[in-house]
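Residue numbers count from 1 along this sequence. Ligands are counted one by one from 1 in listed order, and the atoms in each one are counted from 1 as well. Just so it is clear, the structure is predicted and the values come from calculations on it, not from any experiment.
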Amino acid sequence: MTSEKQFARDLIDFIYESPSSFQTVRNIKAALLRGGFRQLNRNLNWNIERGGKYFVTKNDSALIAFITGAGKVADNGFKVIAAHTDFPALKLKPQAFVKSPDNYLKINVETYGSPILNTWLDRPLSMAGRVVLRSNNPLLPETKFINLKKPVSIIPNIAVHLDKNINTGKTYNKQNDMQPILRTVQDNFENDNYLLELLASHTRTQVEKILDFDLVLYEATQGEIIGAQEEFISSARIDDLAMVHAGVDALLNSGVSNATNIMICFDNEEVGSGTKQGAHSPFVKNILKRIAWALSPTEKDAFFRAKINSFGISADMAHAVHPNSPQLHDSVLRPKINAGPVLKYNANQKYTTDAISAAVFKSLCERAKVPYQQYANRSDISGGSTLGSILSSQLDFRMVDIGNPMLAMHSIRELSGVKDHYYMKKVFEEFYKL
Ligand SMILES: [Zn+2]
């Protein structure tokens with residue numbers, strides 16, 4: 001198997017084992033520990049050294065990993081790659097079950113982020129997340145993670161015979177049309193404790209200990225490499241676990257450089273990043289300040305000087321030209337799958353890229369011998385945004401927005417390129433090498 005295909009295979013396995021932000025962070029943690037990184041606690045004193053490998057987590061759903069630089073922090077700064085652990089999904093509401101009059105037990109969900117709703121129909125769905133248990137200290141309940149790892153639910157489509165609009169612009173109501181069925185039940189079925197019993201048996205605890213949960217449904221089928229030339233990756237959650245995977249791998253392969261190399265995995269990008277574990281929080285700034293203080297305890301201005309010498313890459317997926325809807329793209333900026341990473345531009349600063357940060361990323365691609373492409377929306381389509389502008393304004397850094405070209409963004413099953421994923425890893429490795 002080629003290195004490209006092997007790396008794509010690794011990504012597919014990583015995504016399959018990461019059905020919620022919590023499992024994603026657990027898997028990254030395990031890889032970092034295997035790679036010699038040490039976990040730091042945010043509530044303890046840090047004793048960090050130059051050339052050391054460390055990571056911190058927040059809410060079990062966001063993570064910052066770093067290798068402290070060998071050089072003076074004020075002169076060499078930070079090299080940051082940032083991606084996100086979350087993805088559009090169906091999240092269970094607190095009263096999670098609805099018994100329908102027709103004897104189905106349905107799951108009471110709300111949409112998280114902006115999924116393409118109709119792609120969630122007829123897909124075997126499983127459930128994952130965290131369960132929070134009573135402990136001796138009411139302020140510090142215990143957490144257990146759960147991944148059912150088997151298809152337990154489905155949202156069935158409507159037969160074409162019953163809804164003649166199904167192929168001509170059918171719309172989906174998030175409350176009425178997106179409730180998955182879990183099982184059939186009899187008239188006398190009591191559902192009050194059904195979920196808690198399910199969770200208790202999977203986390204080997206008692207029902208009485210469970211106080212709450214954060215659970216999502218996810219596509220139960222694993223992704224695969226597809227296409228006549230085996231050049232495409234077809235999987236759930238490519239946005240943005242592909243960038244998380246490439247970034248973490250690059251950091252694991254990176255040695256010590258003069259700057260501090262940092263990989264950030266934020267949560268909640270899909271809902272605007274405005275949470276304590278999202279890009280719009282003080283999480284990163286606080287960690288960078290602590291690194292600067294630890295490495296330069298006598299220089300009060302080290303953090304502020306380091307920022308001037310720092311650079312950030314906001315890594316989130318990009319839109320490739322759609323073969324069946326090419327008119328949705330700009331007439332000349334038309335990224336293609338397997339033609340290299342994409343620089344994302346937006347005059348209204350939904351992307352943080354400017355000429356200087358773009359020039360830096362282009363130079364990185366040239367050094368890594370990787371082709372690059374450029375993207376801007378059609379001027380009459382507002383398009384999406386990501387965490388780059390939020391983070392660069394938080395950190396006061398130079399920063400660029402980039403990502404790999406993909407199709408079907410926010411579908412339950414997205415599509416990207418085998419070659420592009422390997423290209424991105426090479427560019428990230430080049431960045432951390434500097
Ligand atoms: Zn994204």
Side-chain angles (χ1 to χ4, degrees), residues 11-12 14-15 18-21 23-25 28 61-63 80-91 111-117 119-120 216 218-219 223 233-248 263-275 277-281 284 312-320 322 335 337 341-346 349-353 361 373 375-377 381-392 394 399-417 420-421 424-425 428:
L11 169 64
I12 289 167
F14 171 69
I15 291 176
S18 305
S20 85
S21 297
Q23 277 80 21
T24 305
V25 164
I28 300 167
S61 67
L63 176 145
V80 170
I81 298 173
H84 63 92
T85 62
D86 64 322
F87 31 80
L90 298 180
K91 186 168 194 286
T111 50
Y112 173 84
S114 308
I116 301 176
L117 295 177
T119 64
W120 282 74
V216 292
Y218 69 92
E219 190 200 26
I233 302 168
S234 165
S235 172
R237 306 187 289 284
I238 291 173
D239 171 13
D240 192 27
L241 295 192
M243 294 298 101
V244 167
H245 179 252
V248 170
M263 177 66 205
I264 310 172
C265 305
F266 284 114
D267 196 1
N268 301 130
E269 187 277 339
E270 300 292 355
V271 292
S273 300
T275 64
Q277 56 277 354
H280 209 304
S281 72
V284 182
I313 298 176
S314 158
D316 202 351
M317 298 299 283
H319 300 296
H322 197 289
I337 286 186
V342 178
L343 286 126
K344 302 193 278 188
Y345 297 75
N346 181 260
Q349 294 299 297
K350 284 185 170 179
Y351 300 127
T352 190
T353 310
F361 191 76
Q373 313 181 71
Y375 176 85
N377 289 315
I381 291 180
S382 63
S385 62
T386 181
L387 54 82
S389 286
I390 295 169
L391 188 62
S392 58
Q394 283 280 315
M399 197 171 289
V400 66
D401 263 308
I402 56 95
N404 267 337
M406 71 179 295
L407 294 169
M409 189 181 281
H410 290 196
S411 168
I412 199 167
R413 191 88 180 189
E414 301 173 321
L415 192 75
S416 64
D420 291 327
H421 192 51
M424 193 60 92
K425 159 194 164 83
F428 288 169

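Protein nitrogen, oxygen and sulfur atoms, that is N, O or S, within less than 2.8 Å of the Zn ion (ligand 1) amount to 4.
For D401, the side chain to side chain donor-acceptor pair (under 3.5 Å) criterion is met by S314, not counting sequence neighbours. Looking at residues two or more places apart in sequence or on another chain, you find a side chain to side chain donor-acceptor pair (under 3.5 Å) between Y112 and D86, N268. Considering only residues two or more places apart in sequence or on other chains, K350 meets the salt bridge (Lys or Arg N to Asp or Glu O under 4.0 Å) condition with none of them.
In terms of modelled atom types and a separation under 3.5 Å, the side chain of D240 and the main chain of H84 share a donor-acceptor contact.
Looking at L407 and I337, their side chains come closer than 4.5 Å, going by heavy atoms from C-beta outward.
Using a 3.5 Å distance cut-off with no hydrogens or angles, the side chains of T85 and T24 do not pair a donor with an acceptor.
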